[in-house]
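Notes to accompany the following structure.
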Amino acid sequence: AMGAPADPSPVLKRLRLPSGRPLATVPRLVNRGGAGRFVGTLSAAPVTLNLAEGGVKTTAWAYNGQLPGPAIVAREGDSVEIVFTNRLNQPTTIHWHGMPVPADQDGNPHDPVKPGESRTYRFTLPKGSAGSYWYHPHPHGHTAEQVFRGLAGVFVVEADDDPLRHLAEDWLVLSDLRLDERGAIPANTAADWHDGREGQFLLVNGALRPVIALGQGERRRWRVWNATSARILKLALPGLEWQQVGSDGGLLGAPRALDTLMLAPGERAELVVSGSLPAGKSVALQSLPYTRGRAMTPEQTAAFTVATVKFGPPVAGAAVPAQLRQIPALGEPQVRRTLTFSENMADPASMFRINGQTFDMNRIDFTGRVGDIEEWDIVSEAHMDHPFHLHGTQFQVVARNDGSGWVAEPFLAWRDVINVPLREAVRIRFRQDLPGMRMYHCHILEHEDQGMMGQHRVS
Ligand code: C2O
Ligand code: CU
């Protein structure tokens, strides 16, 4: 039977979240700018919400009081100005995950906004940057907590020449929620700090198991965000045809048939879902078991329903072009490096490491040059999968090695997160077009907070 991820405590079983409501549209942040200029206001603050049934109140931390935060929708070429105020009782930042923003606007741990203070983030969205991004806090040591308490929102950059703009869209922002028996969001346990936190509830746009409408014969574009701290998602939609048409940094060169969709924390995908069933039928969007290399309880390895797709009356299916865009391959690298994720169990204070070192804000791990092509081999040596993320640019995966040798990646895609399975390696290439200090880290946010992060200074 498919249920929510089971929860080990009988007390918690009494805590219920409403489910089965129509998929909520993610509210948009109001643009006070106008054409070519996005100007918006965000604040991070505690908010009390009725998430669970029976009058139970939950205090979350949210952008503009909303779970997930308001969606920012802008266009290639737009200038963006976000006036941000921190109403939390701890420092925070806004990091524009995956976006090619100047280093001093990136919201990395070097630029915390103190409680009660404001700052304005300013950047311009370059041509070719259309894609599905997100924004979340990034203060050193508190990123995981701020995200699992609710601070995350999506940022969609649109293009004038989008070959799929004729398709209707559904956005699925997936986040993890854990509640204690009083309905509060509890702090991390020691196991969470090691393994990465997963909750009892996987929410879609802030709600449990919503119903997504699809017309018989209709084709819709889904954008899916994995905004959890640590859950690696293996999604399936049995009985329906779905194709992947985009990755973190926008459209693929061509649609790809999809069986299951793996989505690491921080990663996004664009899909085209085709409604092949008659009105009244429904199918489950499922989360399948995936053992990310660490001990998991039987409950954690059970499949569950993320959402239900319900069929309505026929809608004429729009065509999906065979070619979506040209993705030029990044050429031969000027620089090659190897980065190894490891854990030093003997030193609990600095257990999570890259190349044997824990994060030090005052240490530059690598220096590089603007415009150079870098090739990095990223290896996961200890205890579980570690999803790799790089700031400031998008990369291409060129090969993978599952332990039996390097295999070339069969297609080109722009990405900013790639899962590195335990005892495997991934080879990426990228170019930084803007100077400055760029972070790279594991996107299991507990690992990032505990030092599985480094700095690449590009000049
Ligand atoms: Cu999504 Cu450095 O983060
Ligand atoms: Cu990790």
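Just so you know, ligand 1 is whichever comes first in the structure, and atom 1 is the first atom listed for that ligand. Computed from a predicted model, the values in this text were never measured in an experiment.
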Per residue H447, nearest N, O or S atom to the Cu ion (ligand 2) is named ND1
Distance from H443 atom NE2 to L445 atom CG, nearest 0.5 Å? 5.5 Å
The Cu ion (ligand 2) - name of the N/O/S atom of H386 that sits closest to it: ND1
Checking one value in my table: which N/O/S atom of H97 lies closest to atom 1 (Cu) of ligand 1? ND1
Checking only N/O/S atoms, does H138 have one that is under 2.8 Å from atom 1 (Cu) of ligand 1? no
Axial cation check for F148 ring with R197, 6.0 Å and 45° limits: yes
With a cut-off of 2.8 Å, does H443 place any N/O/S atom under that distance from the Cu ion (ligand 2)? no
N/O/S atom of H441 inside 2.8 Å of atom 2 (Cu) of ligand 1, strictly under: yes
Atom 1 (Cu) of ligand 1 is nearest to which N, O or S atom of H136? NE2
Parallel, tilted or perpendicular: which describes the rings of F366 and H456, with under 30° parallel and over 60° perpendicular? perpendicular
With respect to atom 1 (Cu) of ligand 1, please indicate if H95 possesses an N, O or S atom at a distance under 2.8 Å. no
Within 6.0 Å of CZ in R87, more than 12 heavy atoms from elsewhere: no
Metal check, atom 2 (Cu) of ligand 1 vs H443 N/O/S, cut-off below 2.8 Å: no
Check whether the side chains of E448 and H140 place a donor and an acceptor atom closer than 3.5 Å, and report yes or no. no
Can a side-chain donor-acceptor contact be found between T340 and E381 if the only test is distance below 3.5 angstrom? no
Is it true that W376 and Y440 have ring centroids separated by less than 6.0 Å? yes
